[in-house]
Every structure is written in structure tokens, then in C-alpha cells.
J.: 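Below is the structure I would like to discuss, written out as C-alpha cells.
Ligands are counted one by one from 1 in listed order, and the atoms in each one are counted from 1 as well.
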Amino acid sequence: MPTKSRLFITGGVPLQGTVVSSGAKNAALPILAACILVKGQYTIKNVPPLKDVMTMLKMLNSLGVRAELIQGNGVMIINDRKIRHIAPYELVTAMRASFFVAGPILARTGFAKVPLPGGCAIGTRPIDIHLKGFKSMGVDISVEHGFVQMLTQQLTGARIYLDFPSVGATENVMMAATLAVGTTIIENAAQEPEIIDLANFLNSAGASVKGAGTSTITIEGQSELRGQNYAIIPDRVEVGTLMIAAAITKGDVFIEGAYADHIEPLIRKLKEAGASIDVHNNGIRVYGGNELNSVDIETMPFPGFPTDMQAQFMSLLCVASGTGIVTETIFENRFMHVNELIRMGANIRVDQRQAIIQGVGQLYGAEVKITDLRAGAALILAGLAASGKTSVYGLEHLIRGYHDLPNKLQSLGANITSQ
Ligand code: UD1
């Protein structure tokens, strides 16, 4: 189904069947940025063909790395030319994750000029932790006319303590360190599965990254990295969204290829709310027509409950019985879906970083607007559970991060069309 300007959902159908998860956006973006570091010709497989991924491919091509989508969700990389220093303004401002190229450009050339990525709808999202890490590695940094200029005679390994386990900062510093002179130790590192995937890719190219997935990562700098074919992990946020789709519609869905250890907090919370979940070697089954009970969630860095699943879980709490409290600790403005859910009959009160949701049992269809990526998924889930027709506008946010979600839901029996 082509993604057009809006979706129409007629709710109330219990989803049934098997669906395959796509590759992880949040692993693909840093791994593609890391291709700046990794010379040679090779293929990255299981790359979801999303708008944000296309932006990263444009970025790579503009910096001198040939990157081309090939059949079967692969990207062919040819990195055999000189790397350019300046990241184009329109690409960095279109997608915050473009700032991932800073560490790799620095490591390859010693000089990077990258526009400030700015804030986004869910919060201000500064880059101070990334820059502090680079500074410790011997980089002079200045911010002028909206650009961050980074210059170093010799990128040097250092012991770096992150003030917060930022996913992006951990990845940027890790990438820079792979070609630095000496050893870098990142303390209070983020532990997300996407960090492990990036480390595995770098190691497959000859890097020495140890401890990824723990709070201390040690990187021994190498003189050169050479690429091999690599496949990206499944998208745990897409998996989680499909799990909630099964639970909220009281359906029976098997998500093939899903890794349970990437989504453990969601499994725990869904079970606590009354859903039945079986973990298999080759995927996760969510089923059972049980009534859902309210539970509380608090977002935290991995292995805590992911902020990227908060909005979708809130949709489930809207139709559960009792009162649930959602505490968002990672981003300061990630409750924009609340007003839209209220349009569908939800009873939610926001008090600073907490949303108090009084379950209403049944939502009703309404016209709603997507404000950011995960909020979009939350509104679709609410529409699947609601009585009557929901029209969802603002699909440009959804296609940034979900590959074919409407089609995947339709294949499970959802009554969902685009126009
Ligand atoms: C990544 C994910 C995003 C997810 C987030 C948290 C990608 C492409 N995106 O974003 O989907 O929601 O992790 O799991 O992987 N912060 C600072 N200074 C910094 C860096 C971050 O204050 O230098 C703050 C941010 O404003 C935010 C918090 O730290 O409040 C978490 O940010 P971070 O972990 O860096 O998230 P991203 O890497 O941007």
C-alpha cells in the first residue's frame, strides 16, 4: 500500500497471523554513518528503506562514500575516495541522526564541519555529551554561524565518562575511537542493542571494540578498517509496536525474527497488564483475549522501558481497566499524542513528566494528527482498538521510521486503507 496523505482505520478487528519484522532504523543509521570509517566495497543487509535511511544515504554520497540501495533491502557501499569535511545543512537539519557522521569524518580526516542539528518536536536534544567526548580525544571545537567545527592534529584515545548514557554520544565517540591512536574507554555508556550491533559491524571490519552492551566500552584504535558484508538486527520498536497491536486488539500474532532480549521490559509490562506472550527461538507470539489491566511504566535507558515505546503503550493503557501512570524521563516533550488520544475518548491528565491515564474500556474513532514518529504508531494502535472510523493525518512522520506498517497490519487482518 503506498503511503499517502492519511490513513483510515476501522477498529475492532482482532489481529491474527504472522508478520516479519524489518531491520532496525536505529541500528541502520549509525552503521551507515560508520561506513565513512570502513573502506572497501561491501553490502549492508536488512536495511529498512525508510525516509531517514534515504537521508543518510544522501549524506554518505555527499561526503564521498558511494551508497546505493540494492534489491532485497541492502545497501551497497563503495568507500574508496577522499572523504569530504562538510556535512550539508539541509541533511543534518532534516534528521538529527545525521550528526552521527561527525565522529567518522573526524576520525578519517581530522576536520569536520557539521551543522548544529537543532531540537525536534519531542525535545531540545543537545549534543554537548558528543562534543565533550570528542574534546577529551584532543579535538578543538567551536560553534559558529550554526556550524560545529571540529579540528584535531591527532585523534587520541581517552578515558571518557558520559554524564548521561546517551545513545548517540556513545555511538559517535565509539566510531571516532576506532581510528584514534591508543585506547578509549567510554564509561557510563549506553547499553542499547543498537550499540552492540554497531560494535559488531565495526569489529567485522577489523576494529577492536569490547564491552558493547555494558556500561564500559573499550576501543583500541586501528590504522584502517576494511568492510565485509553485514546484516542489521530486527527493529525492536517495530516488534514492540506489533506486540501492542496484538494485545490491544485481543488478537493472536507471531512476530517472526523478533529477539525477546531486546524487548524484555515490554514483554514484562504486557504480561503484567494481562497479555499472553510466548517467546520462541524464531520470534514472539502475543495472544489471548484477556481484559487488560492498567500498569505503570517509567522510561529509562536500556535495559529500562524504552522511551520509543512509551506513546504506543499509552494507547493500550487508554483501553485497560484502572489507572496507569506513564513517567517519561528521557525527553521533556514526549506527550504530544495525549491530546490526540483525548480526541478519541481517552481520559488522560498530564502533570509535567507524568501522564495519568484512567482506562475508558473503549475508544471511539476520530480525526487525529501525527506529531512525531512514535506518536504516529500510538494513534494507529488506538485506531485499531477504537469503535468506528479513525482518520490519521501527518503520515510524513510515520514513514521516517516504520517500514510499511499499514501494510503489515493489513496483512494481519486490520481494516486499514490509505488515501
Ligand atoms: C536515540 C534514538 C531515539 C531514542 C533515544 C533514546 C537513534 C537514531 N535514535 O536518540 O530513537 O528515543 O536514543 O533511547 O538511535 N542528551 C543531551 N546531550 C547530548 C545527547 C543527549 O542532553 O549530547 C539528552 C537528550 O536531549 C535526551 C537524552 O539525552 O533527553 C537521550 O538522548 P540520546 O540517548 O542521545 O538519544 P539519541 O541518540 O538522540
J.: Taking only heavy atoms of G168 into account, list the atoms of ligand 1 that are under 4.0 Å away from them.
T.: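 In order of numbering, the contacting atoms are 35 (O), 38 (O).
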J.: If you round to the nearest 0.5 Å, how far is NE2 of H130 from CZ of F99?
T.: 6.5 Å
J.: Looking at I127, which atoms of ligand 1 are within less than 4.0 Å of one of its heavy atoms?
T.: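 What qualifies from ligand 1 is 19 (C), 23 (O).
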J.: Under the ring-ring contact (aromatic ring centres under 6.0 Å, His included) definition, can you give me all pairs with a residue in residues 158-212, not counting sequence neighbours?
T.: F201-Y230
J.: Using distance alone, determine whether E332 and ligand 1 share an N or O pair under 3.5 Å.
T.: no
J.: If the test is side chain to side chain contact (heavy atoms under 4.5 Å, CB included), which one of D404, V75, N73 qualifies with P49?
T.: N73
J.: Kindly confirm or rule out an N or O of D128 lying under 3.5 angstrom from an N or O of ligand 1.
T.: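 Yes.
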J.: Could you tell me whether R374 and ligand 1 have an N or O pair separated by under 3.5 Å?
T.: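 Min N/O separation from ligand 1 is not below 3.5 Å for R374.
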J.: Under 4.0 Å from a heavy atom of V167: give me the atoms of ligand 1 that qualify, with their elements.
T.: 1 (C), 13 (O), 33 (P), 34 (O), 35 (O), 38 (O)
J.: Quick one: list whatever passes ring-ring contact (aromatic ring centres under 6.0 Å, His included) with H397, sequence neighbours left out.
T.: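 Per chain and number, H397 pairs via ring-ring contact (aromatic ring centres under 6.0 Å, His included) with no residue.
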J.: Is E171 close to ligand 1, meaning an N/O of one under 3.5 Å from an N/O of the other?
T.: no
J.: On the ring face of Y393, is K369 found with NZ or CZ under 6.0 Å from the centre and within 45° of the axis?
T.: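 Judged by the rule (NZ or CZ under 6.0 Å from the ring centre, within 45° of its axis), K369 is not positioned above Y393.
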J.: Do R353 and F335 meet the cation-pi criteria used here (NZ or CZ under 6.0 Å from the six-membered ring centre, within 45° of the axis)?
T.: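 Verdict for F335: no cation-pi partner in R353.
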J.: Can you find an N/O atom of L29 closer than 3.5 Å to an N/O atom of ligand 1?
T.: no
J.: Measure V237 to ligand 1 on non-hydrogen atoms and call it side chain, backbone, both or neither using the 4.0 Å cut-off.
T.: neither
